[in-house]
Amino acid sequence: MWNSAENVFSRSASFREEEDDEEALRWAALERLPTYSRVRRGIFKDIVGDSKEVDVSELESTDQRLLLERLVNSVDDDPERFFDRMRKRFDAVDLEFPKIEVRFQNLTVESFVHVGSRALPTIPNFIFNMVEAFLRRLRIHQGRRSKLTILDGCSGIIRPSRLTLLLGPPSSGKTTFLLALAGRLGSHLQMSGKITYNGHGLKEFVPPRTSAYVSQQDWHVAEMTVRETLEFAGRCQGVGVKYDMLLELARREKNAGIKPDEDLDIFMKSLALGGKETSLVVEYIMKILGLDICSDTLVGDEMLKGISGGQKKRLTTGELLVGPARVLFMDEISNGLDSSTTYQIVKYMRHSTRALDGTTVISLLQPAPETYELFDDVILLCEGQILYQGPRVAALDFFAFMGFRCPERKNVADFLQEVLSKKDQEQYWSLPFHPYRYIPPGKFAEAFRSYQIGKNLHEELSIPFDSRYNHPLALSTSRYGVKKSELLKTSFDWQMLLMKRNSFIYIFKFIQLFIVALITMSVFMRTALHHNTIDDGGLYLGALYFSMVIILFNGFTEVSMLVAKLPVLYKHRDLHFYPSWAYTLPSWLLSIPTSLYESGFWVAISYYVIGYDPDITRFLRQFFLYFCLHQMSIALFRVIGSLGRNMIVANTFGSFAMLVVMALGGYIISR
């Protein structure tokens with residue numbers, strides 16, 4: 001018995017040794033590959049436990065889900081341990097992440113506005129505003145406008161590896177503050193002061209590529225699914241410094257003889273390769289944000305059934321999480337979300353920021369107590385002034401110093417906002433021997449500057465950032481994430497997909513054109529037309545004119561289709577997803593087949609039946625003229641849509657343009 005048991009144990013031990021030897025041989029073979037191939041291959045363990053060498057870009061969807069379940073679900077849905085594993089891998093070879101410290105000094109943002117009845121959106125006011133703007137540009141007349149201060153002398157530091165909460169009542173300037181830090185303020189706002197990233201001004205690098213601003217508005221293309229939206233965002237943004245970091249990590253691990261975790265290795269290689277070669281990062285972001293249950297559902301809008309408002313809000317956040325931005329400014333991401341979902345997203349951002357040394361500012365209106373506890377720092381903004389900036393745990397001490405105490409079991413975030421309100425401030429007064437007097441936000445700002453945390457902050461700002469600590473990969477100097485040729489191809493594939501999803505419109509236009517062509521053919525039948533008098537020529541001219549009007553009118557649908565996509569296009573432009581020509585060029589190329597078959601079909605049905613010159617060259621000439629007319633019609637209505645930027649305005653101008661073309665076309669009013 002003992003001998004047989006001993007044989008069993010020896011066989012199992014030898015089997016494990018053989019498996020270890022095979023795995024060591026696979027890793028050795030992997031390390032001998034060239035660098036380009038090595039970062040694209042990994043060791044994958046399937047569901048039964050068998051290991052095999054795989055190409056990361058060819059990992060099937062079932063294998064991707066299995067990998068994510070092992071990485072994420074194995075830690076009880078807590079991302080902390082997962083990010084710790086990733087961080088320990090970098091620490092083992094002493095490789096640091098690029099860090100970015102954002103500083104702002106004496107930041108002031110002002111705007112000039114009309115007040116009273118002059119600010120109402122009436123037609124006379126619109127005309128006066130246009131005239132005033134023209135005279136201001138010529139420096140003749142400045143107009144009577146009042147100065148509105150949105151941000152007033154804000155100074156502070158947003159540190160890396162710490163999650164910062166931006167708190168403040170509505171209309172306190174939070175959105176303007178985040179836009180200013182992201183370098184995306186509108187031209188109608190006047191900014192003064194200084195904003196630096198690692199000591200570099202906003203003009204020394206490309207802010208939209210280094211930082212990402214998550215807007216309150218959920219603008220998405222309704223005809224795309226959640227997965228397609230995230231994959232498109234990932235392909236446009238590229239991978240940034242992730243690929244270079246992976247190459248350096250692989251080189252150091254090879255020199256140190258370190259064998260990484262198999263699943264983590266495949267996942268990190270997928271992160272560095274990006275959306276063009278693998279969609280694993282998209283699957284991961286969808287799982288983290290709870291979008292995996294609706295990954296193949298259309299986004300939808302008012303006219304098309306799709307995902308819910310809360311899911312759209314998470315999709316807006318996910319679009320920028322798949323990108324390489326090292327600085328995140330997230331504006332009111334909790335709108336439309338329940339407190340549990342908000343907690344999960346902020347929890348993910350906390351661990352991601354700490355483990356990957358990111359810089360994150362999140363603006364929330366009324367965070368739950370457990371969500372508030374996740375933040376490291378707090379910035380309290382009111383009436384354009386910073387009343388407190390520092391550690392979250394020290395915020396209550398400052399207000400206790402001012403004479404206000406937060407009651408037990410009271411949400412601290414609610415207390416910080418209510419104590420600034422004239423209506424709610426008195427209930428928190430805690431000095432019974434001193435009479436209460438309302439303290440305005442300006443007094444809080446002055447007191448904070450004399451408070452110890454405020455003094456330390458001022459002293460730190462007075463010492464310039466040491467550029468020696470700036471990582472060479474921290475700030476992006478390229479305007480776009482990938483090559484322009486790849487952006488052009490991505491945009492072409494994107495618009496081809498939208499054409500397929502909107503195929504009903506093109507089929508309907510084709511059938512409509514077919515029916516009208518049959519009617520035109522029957523009205524202007526050549527058996528009823530003669531070639532004897534000038535009036536007979538007028539009938540042929542009428543047939544030509546009617547054909548031109550129908551083809552011209554067929555491009556009118558471009559107005560509504562473009563206006564619906566304009567907010568998404570402007571969002572992509574501001575985020576530097578692609579240059580404007582990368583959208584315009586494929587849009588024009590894809591309109592050529594439409595013009596060819598619509599104009600060709602019309603000419604083929606009507607030309608010989610109406611009785612035009614039977615010479616084939618004249619037939620081809622009319623076909624070419626109608627093709628050019630259709631192209632002009634599409635371009636005209638796209639221009640009107642982009643100038644109007646509103647469905648009502650664009651349709652009005654489009655109808656007026658049709659009226660002008662029809663009236664002055666040489667038929668209704670003779671040339």
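Being a predicted model, the structure only gives us computed values, none of them experimental. Here, residue 1 is the first one in the sequence, and each next residue gets the next number.
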Return yes if a side-chain donor-acceptor contact under 3.5 Å exists between [X] and [Y], otherwise no.
| X | Y | answer |
| --- | --- | --- |
| Arg103 | Tyr197 | no |
| Thr353 | Thr360 | yes |
| Asn198 | Tyr469 | no |
| Ser295 | Asp292 | no |
| Asp152 | Thr149 | no |

Output all residues satisfying side-chain contact (heavy atoms from CB on, under 4.5 Å) with Asp296, sequence neighbours left out; order by chain, then residue number.
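Partners of Asp296 by the side-chain contact (heavy atoms from CB on, under 4.5 Å) criterion, ordered by chain and then number, come out as Arg227.
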
**OP:** List in chain and number order the residues that pass side-chain contact (heavy atoms from CB on, under 4.5 Å) with Asp414, two or more places apart in sequence or in another chain; answer none if no residue qualifies.
**Re:**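 Expected list: Gln366, Lys410, Asn411, Glu418.
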
**Message:** I'd like to know whether Glu69 forms a salt bridge (charged side-chain N to carboxylate O under 4.0 Å, His left out) with Arg65, so could you lay out the CA-CA distance, the side-chain angles of the two residues, the decisive distance to 0.1 Å, and finally the verdict.
**Reply:** CA-CA 6 Å; Glu69 284 175 5; Arg65 284 194 289 270; over 6 Å; no

Looking at [X] and [Y], what are the two nearest heavy atoms and their distance?
| X | Y | value |
| --- | --- | --- |
| Pro98 | Arg326 | O-NH2, 2.8 Å |
| Arg159 | Leu457 | NH2-CD1, 4.3 Å |
| Ala182 | Pro207 | O-CB, 3.6 Å |
| Met86 | Leu356 | SD-CD2, 3.7 Å |
| Ser462 | Pro464 | O-CD, 3.5 Å |
| Met330 | Leu178 | O-CD1, 4.0 Å |

Can you confirm whether [X] sits close enough to [Y] that some side-chain heavy atom of one is under 4.5 Å from a side-chain heavy atom of the other?
| X | Y | answer |
| --- | --- | --- |
| Leu387 | Leu420 | yes |
| Gln417 | Leu365 | yes |
| Leu163 | Ile362 | yes |
| Pro367 | Leu167 | yes |
| Met191 | Leu107 | yes |
| Thr176 | Leu185 | yes |
| Arg118 | Arg145 | no |
| Arg354 | Phe83 | no |

Rounded to the nearest 0.5 Å, how far apart are [atom1] of [X] and [atom2] of [Y]?
| X | Y | atom1 | atom2 | result |
| --- | --- | --- | --- | --- |
| Glu332 | Gln217 | CD | CD | 11.0 Å |
| Leu566 | Arg573 | CG | CZ | 10.0 Å |
| Ser111 | Gln190 | OG | CD | 8.0 Å |

ask   = Going through the distances and angles, do Thr229 and Glu319 end up as a side chain to side chain contact (heavy atoms under 4.5 Å, CB included)?
value = CA-CA 7 Å; Thr229 302; Glu319 266 189 316; 3.6 Å; yes

Can a donor-acceptor pair be found, under 3.5 Å and without considering hydrogens, that links the side chain of [X] to the backbone of [Y]?
| X | Y | result |
| --- | --- | --- |
| Arg449 | Gly454 | no |
| Gln425 | Lys422 | no |
| Gln105 | Lys194 | no |
| Gln389 | Ile157 | yes |
| Ser334 | Leu337 | no |
| Asn125 | Ser117 | yes |
| Ser476 | Arg209 | no |
| Gln385 | Cys382 | no |
| Ser211 | Pro208 | no |
| Asp91 | Asp94 | no |

Any salt bridge between [X] and [Y], counting N to O under 4.0 Å?
| X | Y | value |
| --- | --- | --- |
| Lys455 | Glu459 | no |
| Lys99 | Glu101 | no |
| Arg392 | Glu373 | yes |
| Asp84 | Lys88 | no |
| Asp357 | Arg87 | yes |
| Arg437 | Glu426 | no |

Residue of the set Tyr388, Tyr428, Trp429, Phe415 for which ring pair (Phe, Tyr, Trp, His ring centres under 6.0 Å) holds with Phe404: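 Result: among Tyr388, Tyr428, Trp429, Phe415, Trp429 is the only option passing the ring pair (Phe, Tyr, Trp, His ring centres under 6.0 Å) with Phe404.
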
_Pairing residues for Tyr372 by the ring pair (Phe, Tyr, Trp, His ring centres under 6.0 Å) criterion, not counting sequence neighbours_ =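 Applying ring pair (Phe, Tyr, Trp, His ring centres under 6.0 Å) to Tyr372 gives none.
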
Look at atom CZ of Arg405 and say whether more than 12 heavy atoms of other residues, nucleotides or ligands are closer to it than 6.0 Å.
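No, CZ of Arg405 has 12 or fewer neighbouring heavy atoms, counting only those of other groups under 6.0 Å.
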
Exercise. Would you find more than 12 non-hydrogen atoms of other residues, nucleotides or ligands less than 6.0 Å from Ile648 atom CD1?
Worked result: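 At most 12 heavy atoms, drawn from other residues, nucleotides or ligands, come within 6.0 Å of this atom.
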
Would Asn456 and Glu460 count as a side chain to side chain donor-acceptor pair (under 3.5 Å) here? Give the steps. CA-CA 6 Å; Asn456 295 341; Glu460 195 171 347; over 6 Å; no

Parallel, tilted or perpendicular, judged at 30° and 60°: which one describes the rings of Phe90 and Phe97?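 Ring orientation, 0 to 90° scale: tilted.
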
key: Tyr451 and Phe398 aromatic ring geometry - parallel, tilted or perpendicular at 30°/60° bounds   =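 The arrangement is perpendicular - the two ring planes meet at more than 60°.
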
Give the intermediate values and the outcome of side chain to side chain contact (heavy atoms under 4.5 Å, CB included) for residues Cys406 and Phe399.
CA-CA 8 Å; Cys406 179; Phe399 284 96; over 6 Å; no

[X] and [Y]: aromatic ring centres closer than 6.0 Å?
| X | Y | value |
| --- | --- | --- |
| Tyr578 | Tyr480 | no |
| Phe177 | Phe329 | no |
| Tyr348 | Phe82 | no |

TODO: Would you check, one step at a time, whether the test side chain to side chain donor-acceptor pair (under 3.5 Å) holds for Thr175 with Gln216?
DONE: CA-CA 9 Å; Thr175 298; Gln216 294 186 42; 3.0 Å; yes

**Study point:** From Lys571, Lys313, Arg314, residue fulfilling salt bridge (Lys or Arg N to Asp or Glu O under 4.0 Å) relative to Asp218
**Key:**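 When Lys571, Lys313, Arg314 are each tested with Asp218, the salt bridge (Lys or Arg N to Asp or Glu O under 4.0 Å) holds only for Lys313.
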
Requested in this report: Assess whether ring-ring contact (aromatic ring centres under 6.0 Å, His included) is satisfied between Phe448 and His458, documenting all intermediate values.
Outcome: CA-CA 11 Å; Phe448 176 68; His458 179 72; over 10 Å; no

